[in-house]
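Down below is the structure, laid out as structure tokens.
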Amino acid sequence: MNTPYFARYRHSEFLQYLVDVLTIADKEDLNALQLQSQRDQLQTLVDQIDDLFNRSQASSITQQLIAIDDRRDRAIVGIRAYIESHQYHFDTTLVNASTALRNDLNRHGNNIPRLSYQEETIVLSKIIEDWTTVTELSNAVTTLNLSSWLTELQEANTIFADTYIDRVAETSANPATTIIGLRVDAIAAYRQLLAHIQAHAILGTNIVYNTLDTQISTLAGQYNQVVENRSNTTPTNTDDNPQA
């Protein structure tokens with residue numbers, strides 16, 4: 001039996017997974033299977049999550065965050081590429097400068113754009129601070145003519161931090177119900193539905209229970225594979241990420 005990686009599902013994936021589970025269940029006579037009340041409880045929570053998710057995605061501040069995050073991601077990726085290109089320069093002064101900056105970047109990890117919003121803000125702030133205050137690193141920035149890149153990174157990161165606070169204020173002004181809280185309730189409702197299906201399957205009262213159990217397990221496996229594939233290829237710090 002595949003167990004869904006709920007903690008790693010983005011809000012959109014979490015929502016769609018539960019919608020798919022309900023679609024599978026609705027193909028059967030749930031009243032006859034004594035699963036209607038569990039199904040309805042899950043449906044209520046799915047509807048609430050769907051409403052909150054749509055409102056969140058429609059937020060102008062959320063869209064600004066996504067755009068600004070992309071701006072700072074492009075800046076740090078561009079800086080790394082620029083630095084690494086100088087590793088092969090014929091001038092040893094440039095090679096030494098690029099090595100110093102590359103080593104400092106590596107201290108913070110090779111995939112900074114993959115970090116959550118808050119983590120990336122902190123890491124970029126630390127890099128900017130070091131590159132402007134640590135003599136060896138600030139000299140390397142000057143040697144490589146990286147000042148304009150560093151200014152771009154600092155501006156993007158500062159704007160992002162300010163905008164993120166605006167989004168926090170917007171969220172706090174809304175009702176206390178959040179997607180994260182509803183996810184907890186929805187997981188509990190999902191597990192209750194699954195527990196009833198599996199209990200009946202064990203009792204062997206109807207082969208349909210085994211079919212439902214198998215189909216839901218297969219579905220979970222497919223969604224889990226999507227998560228595994230994404231973790232190996234793309235950043236995860238979108239606003240749709242529950243860990244962000």
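In this text, all values refer to a predicted model and were calculated from it rather than measured experimentally.
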Do L33 and L212 have side chains that get closer than 4.5 Å, going by heavy atoms? yes
Is there side-chain contact between M1 and L194, with at least one heavy-atom pair below 4.5 Å? yes
Which of these, V95, D91, L144, sits in a side-chain contact (heavy atoms from CB on, under 4.5 Å) with H86? L144
Taking T151 for its side chain and S147 for its backbone only, find out whether a donor-acceptor pair lies under 3.5 Å. yes
Under the 3.5 angstrom rule, does the side chain of N157 hit a backbone N or O of T121 as a donor-acceptor pair? yes
F53 and H11 aromatic ring geometry - parallel, tilted or perpendicular at 30°/60° bounds: perpendicular
Main chain of T3, side chain of N224: is a donor-acceptor contact present, judged purely on distance under 3.5 Å? yes
R71/E152 under salt bridge (Lys or Arg N to Asp or Glu O under 4.0 Å): CA gap, chis, key distance, verdict: CA-CA 9 Å; R71 176 184 170 184; E152 166 63 12; 2.7 Å; yes
Backbone N or O of S85 within a donor-acceptor pair of the H89 side chain at under 3.5 Å? no
Determine whether a donor-acceptor pair (N or O, by modelled atom type, separation under 3.5 Å) exists between the side chain of Q87 and the backbone of E84. no
Does E13 reach the main-chain N or O of R10 with its side chain, forming a donor-acceptor pair under 3.5 Å? yes
For T135, does its backbone N or O pair with a side-chain atom of N139 as donor and acceptor, under 3.5 Å? yes
Test log, rule ring-ring contact (aromatic ring centres under 6.0 Å, His included), inputs Y5 and Y223: CA-CA 8 Å; Y5 301 157; Y223 273 75; over 10 Å; no
Going by heavy atoms in the side chains, are F14 and P4 under 4.5 Å from each other? no
May I have the step-by-step check of side-chain hydrogen bond (donor to acceptor under 3.5 Å, both in side chains) for T218 and Q215, ending in yes or no? CA-CA 5 Å; T218 300; Q215 290 178 342; over 6 Å; no
Are any side-chain N or O atoms of N206 and backbone N or O atoms of Y209, one a donor and one an acceptor, separated by less than 3.5 Å? no
Are L182 and V184 connected, step by step, through hydrophobic side chains (Ile, Leu, Val, Met, Phe, Trp, Tyr) whose heavy atoms are closer than 4.5 Å? no
side-chain contact (heavy atoms from CB on, under 4.5 Å) evaluation trace for I66 with Q63: CA-CA 5 Å; I66 294 172; Q63 298 309 312; 4.1 Å; yes
Contact between L105 and I76 at the side-chain level, heavy atoms closer than 4.5 Å - yes or no? yes
